[in-house]
Participant: 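Just dropping this structure here.
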Amino acid sequence: MKNITTYSLLFLFALGLSNCKKETLEDKVFQVNKVKLYPSASSKIKEKSESQWVAVLYTNLFQQALSAGDIYRAGQCITSIGDKELAREVIISNFMNSTSPLPQIPTDASMRANIDEFVKETYERFLIRRPTEGEKEYFRNEITNDPLRSAEIVFFSFALSNEYLFY
Amino acid sequence: MKRREFIKKATLTSAGALIAPYILPSGRLFAPTGTQIAPHVVLVMYAGGIRNQETVDQLYLSQSQHTWNPIPALNVTGNIMPNMLAGAAPASKIVYGTGTSGNTPIAPILSTPMQSQGVLFKEVNAVAAGHYGGSIALLQGNTNLAQPLLERPKTPTVFEFLRKHGGYKATDAWFIGNSLQNSVPLYNHSSHEDYGAQYGANMFIPNVTFGNQGDQFLKDAKIYHPQNELSPMYKMKYFLDNSYASLTSNNVLDVVENTEAEKQQIKTFMKTMFQKKAAGTTIRPPQGGNDAATVGYALEVMKEFTPAVTVIKIDGPDVCHSDFTGYLRAIHAADHAMGYMWNYIQTQIPAMAGETIFIATPDCGRNLNPNPILDTENNFRAFDHSDANTRRVFTLMAGKTIGNEVDKATGPISSSSPLNTDAAITTGHILGIEQEMLNSGFLHPQSQSLIRKI
């Protein structure tokens, strides 16, 4: 009888342990789709340094990192020119002209095949956010109404934008 | 609409209606009150801390070395700046030239030295004893004791005065620096909230812009088609900028406001410079190192843009902290570069020939007494810059309307001596904004155009 009581108590204790697991967020089922959250443009208030801007630009365009020494030297190029926007413009076009490595830019055909997706991906790539409906509409019109509008020129405008200077 | 909002809007509308008829086509509110004395000024920060003893006093080794080592061979005087100053060269112990031991002086380019063409203010009071404070004092027309290194000048530079009050466009104002060191890349505009980048000067630091760094990151830039490619690119950029500006209030950017046409001209100029560099055809004085290259690129800028104001920073003589022989050679080479530049302007840049006024003044002087360092070549004593002798500098002017005059300000430095900060108001006076600069309240209280002291 004593053994039965002991085993019963042990069984109940073990059962209690197994049920005493802390509930985590992953255990909950909210029955909504997972979404990736992006910051809004208004939360970007810190200006990138010249080196930071170059490093991020290179990664965005080539999908690989620039060496620390090259980041420093490219930053010096911007410092050495009075009109910083012009300096950035020249560096972007220098990267666009690179043959090794090649900048990772969608073809114009793939851009026009799904303009909305291209606009969304471009906003996510450069500005780390989704476009508003108004922004989507603007770029859809720009690309649709101008047959000469290339993905490179659209990328260029994002890389040169003021928002791209902030994080 | 609420009553308060209505009153505010009505007031703004009335003010706009009153002001609008007076806005000039250039976007400025008022026309400058002065008239131009000359359309172009070249201001040279000459040249990184130099003593009057070795320059305008023409004492060569006698008061730098002989005083401390009284052997007869060092008791030599003479002029080592034959393009800028009138006077006979040293007769012996020649170490300031080129070739073996520097025994071959560079032949003068100008048949008449600039002192004999214009006017020399011989004893000018340098308001700061350091390079940064001294250099930006020349640009601001003032000195600011609270000015830290590695920060923009706190009060407006002459570039900003000219662009804001004189209506000069961005490519009318250029600063050509010789290095990224010592805050030099911060000279082209101040951080003042009423002036700043939008009124700043264009700038190159040629040994970086067109040096190895530029070769790697700037040289291969595409020149896009202005209408088919750049115009839509800017259009989309401005849309993105407006979207961002509507969401944030801290959108302060360090951008000199070149027009799109000016930007295109600068980008084309840069492309040409890389091509000329590859072909070995960039303008350059025949002798000298980085200072000569800096002056050469400044001439390229003058040839392309014919700016209203070009400020050039050179500082080879600053090796004087540890190398007096190198200091003498750098002063001599800088003089050669000035002779080459003045001759080039007069003979190769028709738009500026006869229409330019040249001003050269040091950022600061150097000490009376040497430091303990002896240079390796001649055992000459070296000099730093911090004592009263550092206050002694000069200003040399020549060019349009500046006739030859006897030397001015020849007495000892006193409270009534000209200041080296007078370079700023003199530049403003020449370019027609003297009164606007004086009225700004930012200049040194004793600042006066040197033109008025001739």
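Just so it is clear: chains get the letters A, B, ... in the order the sequence lines come, proteins before strands, and each one is counted from 1. Note that the structure is predicted; figures quoted are calculated from it, not measured.
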Participant: I need the contact set between residues 94-102 of chain A and chain B: heavy-atom distance under 4.5 Å, sorted by residue number.
Facilitator: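 Only A:Asn94, A:Phe95, A:Met96, A:Asn97 of residues 94-102 of chain A have a heavy atom under 4.5 Å from chain B.
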Participant: Hey, can you tell me if B:Phe239 and A:Phe139 have their rings parallel, tilted or perpendicular (30° and 60° cut-offs)?
Facilitator: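 If you compare the ring of B:Phe239 with that of A:Phe139, the planes turn out perpendicular.
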Participant: Quick one: are B:Met236 and A:Ile153 in side-chain contact, heavy atoms under 4.5 Å?
Facilitator: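 Answer yes - side chains close enough.
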Participant: Is B:Phe175 close to chain A through its backbone or its side chain, or both, or neither, when contacts mean heavy atoms under 4.5 Å?
Facilitator: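 No part of it gets close to chain A.
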Participant: Is the shortest distance from a Lys or Arg side-chain nitrogen in A:Glu152 or B:Lys222 to a carboxylate oxygen in the other one below 4.0 Å?
Facilitator: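 Judged by the 4.0 Å cut-off on N to carboxylate O distance, A:Glu152 and B:Lys222 do form a salt bridge.
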Participant: Determine the minimum heavy-atom distance between A:Ser80 and B:Thr209, stating which atoms define it.
Facilitator: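 Smallest interatomic distance, heavy atoms only, reads OG-OG1, 2.8 Å.
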Participant: Is B:Leu218 in contact with chain A via its backbone, its side chain, both, or neither, using a 4.5 Å heavy-atom distance?
Facilitator: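 Both the backbone and the side chain of B:Leu218 come within 4.5 Å of chain A.
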Participant: With rounding to the nearest 0.5 angstrom, report the CG to OH distance, A:Leu165 to B:Tyr244.
Facilitator: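 OH of B:Tyr244 is found 8.5 Å from CG of A:Leu165.
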Participant: Hey, which of A:Ala74, A:Ser43, A:Ser150 has the most heavy atom pairs under 4.5 Å with chain B?
Facilitator: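 Answer, by heavy-atom pair count under 4.5 Å with chain B: A:Ala74.
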Participant: Contact part of A:Tyr123 toward chain B, heavy-atom cut-off under 4.5 Å: side chain, backbone, both or neither?
Facilitator: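 Contact with chain B: side chain only.
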Participant: Check each atom of B:Lys235 against the heavy atoms of chain A and say whether the ones under 4.5 Å are side chain, backbone, both or neither.
Facilitator: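 Both parts, backbone and side chain.
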Participant: Within a strict 4.5 Å, meaning less than it, do heavy atoms of the B:Met233 and A:Ile92 side chains meet?
Facilitator: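 In short, these two side chains do not touch, never coming nearer than 4.5 Å.
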Participant: Chain A heavy atoms under 4.5 Å from B:Leu186: which part of the residue, side chain, backbone, both or neither?
Facilitator: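 The answer is neither part of B:Leu186.
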Participant: Heavy atoms only, distances under 4.5 angstrom: which of A:Tyr72, A:Phe156, A:Tyr138 has the most pairs with chain B? Name it, please.
Facilitator: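 Of A:Tyr72, A:Phe156, A:Tyr138, A:Tyr138 has the most heavy-atom pairs under 4.5 Å with chain B.
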Participant: For A:Leu127, is it the side chain, the backbone, both, or neither that has a heavy atom closer than 4.5 Å to a heavy atom of chain B?
Facilitator: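 The answer is the side chain of A:Leu127.
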Participant: Determine the minimum heavy-atom distance between B:Lys263 and A:Asp83, stating which atoms define it.
Facilitator: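 Smallest heavy-atom distance, with atoms named: CE-OD2, 3.8 Å.
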Participant: Quick check for you: among B:Asp220, B:Asn202, B:Asn207, B:Leu247, which has the greatest number of heavy-atom pairs under 4.5 Å with chain A?
Facilitator: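 Ranked by heavy-atom pairs under 4.5 Å with chain A, first place is B:Asp220.
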Participant: Check each atom of B:Asn258 against the heavy atoms of chain A and say whether the ones under 4.5 Å are side chain, backbone, both or neither.
Facilitator: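 Both backbone and side chain.
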Participant: For the backbone of A:Asn162 and the side chain of B:Asp241, can you confirm whether one donor and one acceptor N or O come within less than 3.5 Å of each other?
Facilitator: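 The answer is yes, because a donor-acceptor pair under 3.5 Å joins these two groups.
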Participant: Drop me the distance from A:Lys84's NZ to B:Asn188's CG, to the nearest 0.5 angstrom.
Facilitator: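 Spacing of NZ (A:Lys84) from CG (B:Asn188) equals 6.5 Å.
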Participant: Contact part of A:Val154 toward chain B, heavy-atom cut-off under 4.5 Å: side chain, backbone, both or neither?
Facilitator: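 Both backbone and side chain.
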Participant: Once rounded to the nearest 0.5 Å, what's the spacing between atom NZ of B:Lys271 and atom OG of A:Ser93?
Facilitator: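 That separation rounds to 7.5 Å.
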Participant: Applying the salt bridge (Lys or Arg N to Asp or Glu O under 4.0 Å) test to B:Lys237, which of A:Glu163, A:Glu85, A:Glu142 qualifies?
Facilitator: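 When salt bridge (Lys or Arg N to Asp or Glu O under 4.0 Å) is applied between B:Lys237 and each of A:Glu163, A:Glu85, A:Glu142, only A:Glu85 qualifies.
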Participant: Who wins among B:Gly177, B:Ala201, B:Pro185, B:Pro232 for the most heavy-atom pairs under 4.5 Å with chain A?
Facilitator: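 The answer is B:Pro232.
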Participant: Sort out for me which of B:Gln216, B:Glu229, B:Met270 touches chain A most, counting heavy-atom pairs under 4.5 Å.
Facilitator: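 Top count of heavy-atom pairs under 4.5 Å with chain A: B:Gln216.
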Participant: Identify the two heavy atoms, one from A:Cys77 and one from B:Gly214, that lie closest to each other, and give their separation to 0.1 Å.
Facilitator: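 Heavy atoms only, the tightest pair is SG-N, 3.7 Å.
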Participant: Would you please say whether a donor-acceptor pair under 3.5 Å links the side chains of A:Glu89 and B:Tyr224?
Facilitator: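 The criterion, which ignores hydrogens and geometry beyond distance, is not satisfied for B:Tyr224 and A:Glu89.
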Participant: I'd like to verify something: which residue of A:Leu148, A:Asp146, A:Asp70, A:Thr79 has the highest number of heavy-atom pairs under 4.5 Å with chain B?
Facilitator: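 It is A:Asp70.
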